[in-house]
Amino acid sequence: MKEYDHKKIEKKWQTIWEKNGIYHAKDFSQKPKYYSLVEFPYPSGAGLHIGHPRSYTGVDIISRKRRMEGFNVLYPIGWDAFGLPTENYAIKTGKDPRVVTKKNTDTFRKQLKSIGFSFDWSREINTTDPKYYKWTQWIFLQFLKKGLAYKAKININWCPKDKIGLANEEVVGGVCERCGTPVEKRDKEQWMLAITKYAERLHKDLDDVDYLPQIKLAQRNWIGKSEGAEIEFKIVIPTPTPGIGEVVKVFTTRPDTIFGATYLVLAPEHDLVGKLKLQIKNWNEVERYIKEVKNKTEIERTGEDKIKTGVELKEIKAINPATKEEIPVWIADYVLATYGTGAIMAVPAHDERDFEFAKKYSLEIKRVVEPLYVSTEGESAVKKDMPFVDRNAVCIVVRNPKDNSYLCSSWKAFKMHGLITGGVEEGEDVIEAARREVYEETGYKNLKLIKNTDIAIQNQFYHRVKKQNRWARFRYVFFDLVDESRDPISKEEESIHDAVWIKKEDLKNFFTVIEGEFVVDLINNPDYIFTGKGVLHNSDKFNGMDSEIAKKEIIKFVGGKEKTTFKLRDWVFSRQRYWGEPIPVVHCDKCGIVPVPEKDLPVELPKVKNYQPTDSGESPLANIAKWVNTKCPKCKGKAKRETDTMPNWAGSSWYYLRYTDPKNKKTFASKKNLKYWTPVDWYNGGNEHTTLHLLYSRFWHKFLFDLKLVPTSEPYKKRTSHGMILGEGGVKMSKSLGNVINPDDIVKTYGADTLRIYEMFMGPFNQSVAWSTESIIGARRFIEKVWRIGKRVLEKKNSSISKLLHKTIKKVSEDIEGMNFNTAISALMILATEMEKAESVSKEDFKKFLQILSPFAPHISEELWMLLGEKKSINISDWPKWDEKLIQDEEIKIAVQINGKVRTEIMIRVEDDEETVKKKAITDEVVLKYVGGGNIKKVIYVKNRLVNVVL
RNA sequence: GCCCGAGUGGCGGAACUGGUAUACGCGCACGACUUAAAAUCGUGUCUCGUAAGGGAUGUGGGUUCGAUUCCCACCUCGGGCACCA
């Protein structure tokens with residue numbers, strides 16, 4: 001047998017596999033189907049990135065295993081070829097994007113084939129192929145028909161230098177991604193897709209799919225569901241005019257705080273503002289502010305030090321529906337026109353943003369929710385079924401300004417550390433009570449009042465002396481010590497607790513009371529804003545009510561209604577670009593927007609001379625009169641074609657459906673094929689696509705489901721993601737850093753099998769890892785080791801290493817399912833080393849090894865498999881099963897710990913019972929030495945793991 | 001600021017559900033084979049200590065017979081979001 005020659009072997013098998021079509025998915029089969037999917041690549045001019053094979057190998061391994069398990073597997077590939085880089089290249093060089101794309105996909109195809117992926121190449125698709133985008137356009141027309149595609153004037157990102165509208169993805173840190181110019185806002189008519197109509201279902205149906213938890217979370221955050229209420233505030237204007245400005249609707253998630261709503265804020269763009277032009281006394285100022293906001297750049301609006309600004313609408317008031325009081329009305333750009341109702345009730349005491357604004361403009365701050373601390377442990381735990389006795393109390397913060405320490409109380413009878421507290425008697429002033437308590441408990445006399453706050457907490461506990469459940473409200477009062485003069489305190493007080501001075505930085509560790517955290521926060525941050533749940537206060541008949549319960553009650557009380565709002569916005573679906581699917585509508589003066597009849601699809605992209613957008617920011621298509629001017633399909637009169645194109649998310653929103661029936665001319669995919677193949681069983685892709693692409697395609701799928709065009713409501717059963725491959729040293733791989741690795745070089749030097757093994761071995765699949773050319777050699781050595789063993793097995797045959805083999809079969813089988821490819825390979829390496837050490841290895845055992853190796857390294861496995869006399873490809877052989885009985889050990893080594901430290905090991909038989917093992921352990925020489933004359937307190941036995949002897 | 005993810009040898013990383021920390025690989029050192037080198041194989045490789053023994057999983061606490069794993073606080077790195085009421 002010859003030396004291992006990866007070039008020859010890999011080329012040979014790739015050719016044979018292709019010729020025999022062993023990776024072709026059969027439409028309809030007796031076998032169960034399995035649809036595994038990877039994100040199809042964007043064929044850039046730079047060629048395949050070293051990161052592509054990571055995801056593709058991972059899913060290739062799963063697909064290969066499934067084939068061997070008897071599934072009819074669909075593992076397809078194609079090209080997501082519309083997009084910016086190609087277009088920019090065309091602008092620069094004047095080359096036709098079709099030609100560039102053809103060249104790039106040819107390169108990619110060749111590269112992918114050289115790595116030996118088991119793709120079904122007969123189903124290759126390309127989003128820029130008119131035969132494909134005909135159906136992208138067709139689906140768009142269905143959206144249009146159902147009223148889910150519409151035109152709207154919206155505020156878009158505009159680059160004044162490139163004179164072009166930018167998608168959000170093209171704005172990085174407030175500047176144009178391409179030229180670095182600060183981005184401006186501009187109103188422009190755009191096509192929109194009403195994804196928000198599906199927000200609730202996109203959110204809820206995540207419950208039923210098997211996505212990694214982080215992916216579900218990211219989707220949920222992006223959709224941003226929040227439940228709250230819509231509440232109307234009456235507007236009071238000096239000269240009432242019927243029909244204008246009578247109410248403002250606000251959206252809030254905290255209706256429970258409405259008694260603390262001390263002003264109203266409208267977004268500057270809010271409808272009402274213009275309507276009240278004549279009523280607003282300071283209209284000039286208001287108008288100036290609105291203009292200013294409109295002209296703010298993205299950087300100014302969202303930049304680091306975004307100080308809140310706003311203007312009061314003078315003479316305009318609103319009525320708080322809970323308190324019936326008049327409150328001022330403001331406009332401010334911290335309120336977004338596009339979220340909720342574009343107006344808020346501001347509750348500065350319980351919202352950080354409102355607080356910041358209120359502080360700046362000296363608006364009223366009214367606290368209406370107070371945190372509740374309930375004692376549940378120890379002697380002060382609240383007794384069940386016992387009524388509460390209400391109590392007014394005070395919590396006194398006394399600071400010694402000399403050393404910035406605080407007066408605390410330490411109880412003698414039990415471990416309790418807190419501040420000085422005490423009850424406020426009927427008719428007693430709070431400050432008086434506070435001074436009295438400090439004096440009685442500590443003897444300090446000269447205190448200077450710093451702040452009498454309206455901050456309070458509520459505390460439910462059991463009073464162990466008075467034997468009653470207490471519900472106390474502690475007001476916080478701040479004093480500074482004037483001098484240290486002090487009177488002696490009573491014997492009784494002395495016996496209960498000590499007064500101690502604690503430095504500010506030590507307070508956190510000192511307090512044992514459950515509200516200690518609150519106290520420390522309060523001392524560190526006098527502007528304490530409480531945004532949590534609690535108990536209502538200052539809220540009339542709702543006082544004392546739990547804030548969660550109060551939400552519903554108050555909505556009823558003020559006549560509001562429960563309302564769910566989403567962060568998700570409708571999808572801006574048009575681009576003023578050349579290299580995208582033309583939006584298939586025409587504009588007719590008489591008939592308005594008219595869809596292109598389905599029989600006339602596709603609307604093909606015409607050839608142009610110049611790919612530069614026009615001066616007005618229209619797509620270059622607008623310059624081609626011959627193409628633009630057309631007949632109206634309805635009235636046959638003059639009409640103009642829409643020149644906007646679709647974003648490059650369009651083609652990828654449904655491509656997985658096309659794979660099931662890629663050549664169909666009558667429909668995007670036949671029902672029969674869709675029924676057989678969908679949903680996708682396992683979809684793996686990059687983290688960067690967990691929000692947009694995944695959400696968009698789920699949206700399209702649900703829409704098609706509603707039209708009864710696809711059989712399931714979700715496209716993907718399972719979704720996982722892979723980590724990036726970084727350059728050496730953990731930095732990003734980029735041309736400018738010169739650390740780009742070309743997969744071609746690796747395949748040439750080390751072989752595809754080595755590349756595959758290395759990429760799977762280098763680290764956990766879902767985590768980013770740094771590339772290391774130095775380390776590849778390990779993967780290569782492993783492959784060579786396999787070759788050497790194969791050579792020897794061919795020459796002589798013999799005994800069996802079945803125990804380790806079966807353990808490895810189990811480990812590899814399970815690890816593949818969990819995408820723990822690195823540990824699977826580690827197990828294969830251990831087995832290979834053992835096989836090489838063994839005197840001999842039987843053919844049968846080695847073949848099983850080859851089978852479990854084959855998904856990772858298909859070429860060498862196939863070569864050795866055939867050399868061993870097999871006639872049919874290893875790829876369609878049966879996945880080996882492990883024998884549970886063979887895996888069981890009879891004797892095992894377990895650890896013996898003394899006080900949790902491993903001191904020795906003993907051999908036990910697996911069938912030994914606990915007593916036997918413990919006896920064996922405590923009579924062990926080493927253990928006896930440690931025990932000496934001492935007592936053994938306890939012996940813990942963890943089955944087949946260890947014995948811990950506690951002395 | 002908020003939300004996710006991650007911190008383990010010289011390096012990439014392993015450790016099931018709280019149960020022998022450092023598997024596997026790279027690198028390094030020594031040895032075998034060789035005229036020699038490469039390749040390959042073998043041995044060793046967390047750290048302090050001659051040893052007995054001690055100390056180590058970002059830092060500091062806690063729970064436990066026992067913590068990389070659970071809880072609390074903090075630090076660093078990576079990614080996402082960014083006034084969403």
Side-chain angles (χ1 to χ4, degrees), chain A residues 3 213-215 217-218 220-222 224-226 228 250-254 257 261 265 301-304 306-308 332-336 338-347 350-354 356-357 508-509 517 531 565-569 687-688 690-691 723-724 726 728-732 757-758 761-764 766-779 781-782 784-785 788 811 814 820 822-830 832-833 836-837 893-905 937-951:
Chain A
E3 287 311 302
Q214 326 73 286
I215 298 177
L217 192 72
R220 290 214 164 95
N221 288 344
W222 191 264
K225 180 177 176 174
S226 66
V250 305
F251 173 74
T252 177
T253 54
R254 293 297 302 270
T257 63
V265 190
R301 213 179 63 76
T302 60
E304 278 301 296
K306 40 190 174 190
I307 298 159
K308 290 190 179 31
D333 72 343
Y334 82 90
V335 172
L336 306 177
T338 47
Y339 183 76
T341 59
I344 60 152
M345 62 177 214
V347 185
H350 304 290
D351 183 283
E352 308 263 4
R353 295 151 304 178
D354 295 341
E356 196 190 314
F357 192 77
K508 194 167 227 160
N509 293 327
E517 201 181 309
T531 56
T565 303
F566 298 90
K567 274 199 240 180
L568 188 68
R569 312 267 174 83
N687 284 311
E688 68 277 20
T690 48
T691 46
M724 277 193 303
L726 305 168
E728 303 224 19
V731 288
K732 260 208 174 110
I757 291 277
Y758 175 64
F761 183 66
M762 60 197 296
N766 60 355
Q767 238 168 262
S768 301
V769 237
W771 180 264
S772 162
T773 299
E774 202 181 46
S775 297
I776 303 173
I777 191 70
R781 280 182 195 147
F782 168 63
E784 283 173 5
K785 185 181 278 185
R788 282 198 306 274
K811 172 100 179 124
E814 290 171 354
N820 303 120
N822 52 340
T823 50
I825 291 170
S826 156
L828 289 166
M829 285 172 167
I830 293 169
T833 303
E836 197 169 43
K837 271 194 205 157
K893 196 161 61 175
I894 65 164
V896 181
Q897 298 181 329
I898 312 285
N899 287 338
K901 280 215 160 75
V902 180
R903 295 300 178 183
T904 184
E905 287 168 338
K937 262 198 210 147
K938 215 198 295 189
V939 181
I940 294 152
Y941 173 51
V942 183
K943 197 164 179 2
N944 298 345
R945 295 267 173 206
L946 54 72
V947 178
N948 187 12
V949 181
V950 186
L951 300 180

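What you are looking at is a predicted structure, and each value in this text was computed from that prediction instead of being measured. Below, read A as the first sequence line, B as the second, and so on, with proteins coming before strands; counting in each chain starts at 1.
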Any idea which of [options] is nearest the [X] side chain?
{"X": "A:D351", "options": "B:C24, B:A85, B:C4", "value": "B:A85"}
{"X": "A:Q767", "options": "B:C4, B:A6, B:G19", "value": "B:A6"}
{"X": "A:E774", "options": "B:C26, B:A85, B:G42", "value": "B:C26"}
{"X": "A:N948", "options": "B:C65, B:G12, B:C4", "value": "B:C65"}
{"X": "A:W222", "options": "B:A14, B:C81, B:A85", "value": "B:C81"}
{"X": "A:N822", "options": "B:C3, B:C83, B:A14", "value": "B:A14"}
{"X": "A:E905", "options": "B:U20, B:C83, B:A23", "value": "B:U20"}
{"X": "A:V902", "options": "B:C26, B:A21, B:U40", "value": "B:A21"}
{"X": "A:K785", "options": "B:C41, B:C24, B:A85", "value": "B:C41"}
{"X": "A:V335", "options": "B:A23, B:G19, B:A85", "value": "B:A85"}

Examine distances only and state if a side-chain atom of [X] and a backbone atom of [Y] form a donor-acceptor pair shorter than 3.5 Å.
{"X": "A:Q897", "Y": "A:L946", "answer": "no"}
{"X": "A:N820", "Y": "A:T823", "answer": "no"}
{"X": "A:N899", "Y": "A:L951", "answer": "yes"}
{"X": "A:S826", "Y": "A:N822", "answer": "no"}

In whole angstrom, what separates [X]'s [atom1] from [N]'s [atom2]?
{"X": "A:N766", "N": "B:G13", "atom1": "CG", "atom2": "P", "value": "12 Å"}
{"X": "A:F761", "N": "B:C26", "atom1": "CZ", "atom2": "C1'", "value": "9 Å"}
{"X": "A:I825", "N": "B:A23", "atom1": "CD1", "atom2": "C1'", "value": "15 Å"}
{"X": "A:K943", "N": "B:U20", "atom1": "NZ", "atom2": "C1'", "value": "17 Å"}
{"X": "A:N687", "N": "B:C81", "atom1": "CG", "atom2": "P", "value": "12 Å"}
{"X": "A:R569", "N": "B:C81", "atom1": "CZ", "atom2": "C1'", "value": "13 Å"}
{"X": "A:I777", "N": "B:C26", "atom1": "CD1", "atom2": "C1'", "value": "10 Å"}
{"X": "A:I894", "N": "B:G19", "atom1": "CD1", "atom2": "C1'", "value": "11 Å"}

Identify whether any heavy atom of [X] sits under 4.0 Å from a base atom; if not, whether one sits that close to sugar-phosphate; answer base, sugar-phosphate or nothing.
{"X": "A:L217", "result": "sugar-phosphate"}
{"X": "A:S826", "result": "base"}
{"X": "A:T823", "result": "sugar-phosphate"}

Indicate, yes or no, whether a donor-acceptor pair under 3.5 Å links the base of B:C16 to the side chain of A:R945.
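Such a pair exists between side chain and base.
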Kindly indicate whether the side chain of A:K937 and the base of B:C65 share any N or O donor-acceptor pair separated by less than 3.5 Å?
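For A:K937, whose side chain was compared with the base of B:C65, there is no donor-acceptor pair (under 3.5 Å).
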Are [X] and [N] close enough that a side-chain N or O sits under 4.0 Å from OP1 or OP2?
{"X": "A:Y339", "N": "B:A85", "result": "yes"}
{"X": "A:S226", "N": "B:A85", "result": "yes"}
{"X": "A:R781", "N": "B:U40", "result": "yes"}
{"X": "A:N221", "N": "B:G80", "result": "no"}

Would you say that A:F782 contacts A:Y758 through its side chain, given a criterion of any heavy-atom pair below 4.5 Å between the two side chains?
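No, side chains not in contact.
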Contact between A:S226 and A:F251 at the side-chain level, heavy atoms closer than 4.5 Å - yes or no?
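In contact.
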Between A:G778 and A:K811, who's closer to the 5' end of RNA chain B by nearest nucleotide?
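Closest to the 5' end, via its nearest nucleotide, is A:K811.
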Quick one: on RNA chain B, does A:T565 or A:M829 contact a more 5' nucleotide (nearest heavy atom)?
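The 5'-side residue here is A:M829.
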What nitrogen or oxygen pairs link the protein and nucleotides 49-55 of chain B at under 3.5 Å?
unit_1 : atom_1 : unit_2 : atom_2 : d
B:G53  : OP1    : A:Y930 : OH     : 3.0
B:G54  : OP1    : A:R903 : NH2    : 3.3
B:G54  : OP2    : A:R903 : NH1    : 2.9

Please give the nucleotide sitting opposite B:A21 as a Watson-Crick or G-U wobble pair, both distances under 3.5 Å, or none.
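Pair assignment: B:A21 / none.
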Using O4'-C1'-N9-C4 for purines and O4'-C1'-N1-C2 for pyrimidines, with syn meaning within 90° of 0, is B:G9 syn or anti?
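Syn conformation for B:G9.
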